[in-house]
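I have placed the structure first, in the form of structure tokens, so that the comments after it can refer back to it.
Numbers here simply count residues along the sequence, with the first being 1. In this text the structure is predicted, and so the values were computed from the model without any measurement.
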Amino acid sequence: MSTLRRLNVFALVETLLTLAALTLVAITVGSQLGPLLGLTGTAGHIAGWSIALVYDALWIGALRMSEAAIRQRSRIGMAVMLGLSAAAVGVSTGTLLVLGHAKVFAFVPLAAALFMALRIFAAHVLADDDTAATIAAQDAADRRARALARADARHLSTTAVTDVMTETAGHLGEMARQIARAETLTKAEQRIAKARAKAEERLREADKEHGELAAAFAARPLTLTVPAPGTPRAANVPAPTEKPALVTAAPAPGTATGTQASTPASPADGTADTPPAHPVTLTDLATVKGVPTPVPGEPLTDAQLDVVLRHLRYTDDPPRSYRQARADFRDRGFVGSEERVRRVWGALLTHEETTPAGE
């Protein structure tokens, strides 16, 4: 079994073809060269066969020597020997075609030469089995490396494109957010401007409609139905059961009006005991309102805010407008948002419109 494994079938076929080529040429040519040379009988056969064998040995030896030239990497030797072998094989093949009895065997020398040339080429040009396996492994490793490199390149390209798309999407989203924010702020500013213009228009209309009445009402001086703090109350003046209301004195002396503050008639002499008029202070208004005196810099309730705005409006003649009162309110350091100030001011004006002049 081991002998069969060591047996080279290719070399065996080459040997058989070479022997067949020598035999065919010797039989075909050897029997005809003797008469051509003038020899007959045994001498003719010996001479013919000898020439045929020498001629066959020529191309076989040339191929063998070309193996040495290939091993030495001699280009000139390879050209000469291979050329000589090709010429000898061609002559042998032609001789068998012309002189041979069975022309089908004419190409046996050519087949033997080809098998020998292939063996020489495989032995001295191609690598051995171990080297071929190593080369195949290296080639497979190279193919895997190239495939991985191409896959890495595709992955890097895809990652780069994905990063750019993600970054671009982020920029586009931020731009859309800024645009939406700008549009929302623009619409809000437009609505605020419209509401402000509408409110100012209403204030102008209210001032145009009720400005004169408000000025006339504010022109009347204010007095209290209770004495100032620290002043002893008269014995015949009953203690108030409710928060006293502000009343106005008569615009001219000697004229009886419903706005004159008076006390009940004295049972002794029948005359009215009227407290003296005095300027109204913030403390007085707070006392009348029943709330603590407003202090600048501290948070105010709506009632305290009403006291402050009422005091700022009616301490001047004619009464101050909203802008004047608001400016004085800020200058004095009182605390209150614009919305609360405007709301309390509107309630104050509404109270003026609905309160009769005699109250």
Side-chain angles (χ1 to χ4, degrees), residues 182-225 243-252 255 257-261 277 279-291 293-294 296-359:
E183 291 178 353
T184 302
L185 291 176
T186 302
K187 292 179 180 179
E189 289 179 356
Q190 292 176 353
R191 294 178 62 183
I192 291 173
K194 291 181 179 179
R196 184 177 297 166
K198 185 176 180 180
E200 291 179 352
E201 180 65 23
R202 291 184 61 184
L203 288 175
R204 286 193 296 269
E205 292 178 357
D207 186 69
K208 181 178 179 181
E209 184 176 356
H210 305 290
E212 295 182 359
L213 295 176
F217 178 79
R220 293 174 288 185
L222 298 176
T223 59
L224 294 174
T225 59
K243 297 178 182 178
L246 293 177
V247 297
T248 57
T255 303
T257 63
T259 60
Q260 181 70 33
V280 178
T281 63
L282 188 62
T283 303
D284 297 337
L285 291 176
T287 302
V288 172
K289 193 72 174 178
V291 296
T293 302
E298 296 182 359
L300 305 178
T301 63
D302 288 349
Q304 290 177 310
L305 193 59
D306 177 77
V307 169
V308 174
L309 294 178
R310 187 181 297 273
H311 180 263
L312 294 177
R313 175 168 172 77
Y314 296 117
T315 53
D316 199 0
D317 189 16
R320 295 181 180 179
S321 64
Y322 169 74
R323 290 182 177 81
Q324 294 172 342
R326 182 186 60 183
D328 199 4
F329 180 86
R330 300 299 182 193
D331 293 340
R332 296 191 184 191
F334 289 105
V335 178
S337 64
E338 183 70 20
E339 180 183 359
R340 292 183 61 217
V341 172
R342 185 179 292 275
R343 178 169 53 80
V344 175
W345 181 268
L348 179 62
L349 295 182
T350 303
H351 181 72
E352 289 182 0
E353 296 175 2
T354 57
T355 302
E359 293 185 0

* Please walk me through it: do Phe334 and Gln304 pass side chain to side chain contact (heavy atoms under 4.5 Å, CB included)? -> CA-CA 10 Å; Phe334 289 105; Gln304 290 177 310; over 6 Å; no
* Under 4.5 Å between any side-chain heavy atoms of Arg204 and Glu201, yes or no? -> yes
* Asked: Under 3.5 Å, is there a donor-acceptor pair between the side chain of Asp284 and the main chain of Thr281?
  -> yes
* Start with the C-alpha distance between Asp306 and His351, add both sets of side-chain angles, then the distance that settles side chain to side chain contact (heavy atoms under 4.5 Å, CB included), and finish with yes or no. => CA-CA 11 Å; Asp306 177 77; His351 181 72; over 6 Å; no
* To do: Only counting residues at least two apart or in another chain, list the ones meeting salt bridge (Lys or Arg N to Asp or Glu O under 4.0 Å) with Arg320.
  => Asp316, Asp328
* To do: Only pairs at least two apart or in different chains count here, so list each side chain to side chain donor-acceptor pair (under 3.5 Å) that has a residue in residues 189-198.
  => none
* Asked: Would Glu205 and Lys208 count as a salt bridge (Lys or Arg N to Asp or Glu O under 4.0 Å) if you check the C-alpha gap in whole Å, the side-chain angles of each, and the deciding distance to 0.1 Å?
  -> CA-CA 5 Å; Glu205 292 178 357; Lys208 181 178 179 181; over 6 Å; no
* To do: Locate the shortest heavy-atom distance separating His311 from Leu285; write the atom from each residue and the value.
  => CB-CD1, 3.4 Å
* Where Val341 and Gly336 come nearest, the two heavy atoms and their spacing -> CG2-O, 4.0 Å
* Chi angles and distances behind the side chain to side chain contact (heavy atoms under 4.5 Å, CB included) call for Tyr322, Asp207 -> CA-CA 10 Å; Tyr322 169 74; Asp207 186 69; over 6 Å; no
* Test side-chain contact (heavy atoms from CB on, under 4.5 Å) applied to Val344 and Leu300, Leu309, Val308, Leu349, the passing residue -> Leu309
* Tell me, which pairs form a salt bridge (charged side-chain N to carboxylate O under 4.0 Å, His left out) where one or both residues lie in residues 337-347, sequence neighbours left out? -> Asp302-Arg340, Asp302-Arg343, Arg326-Glu338, Arg330-Glu338, Glu338-Arg342
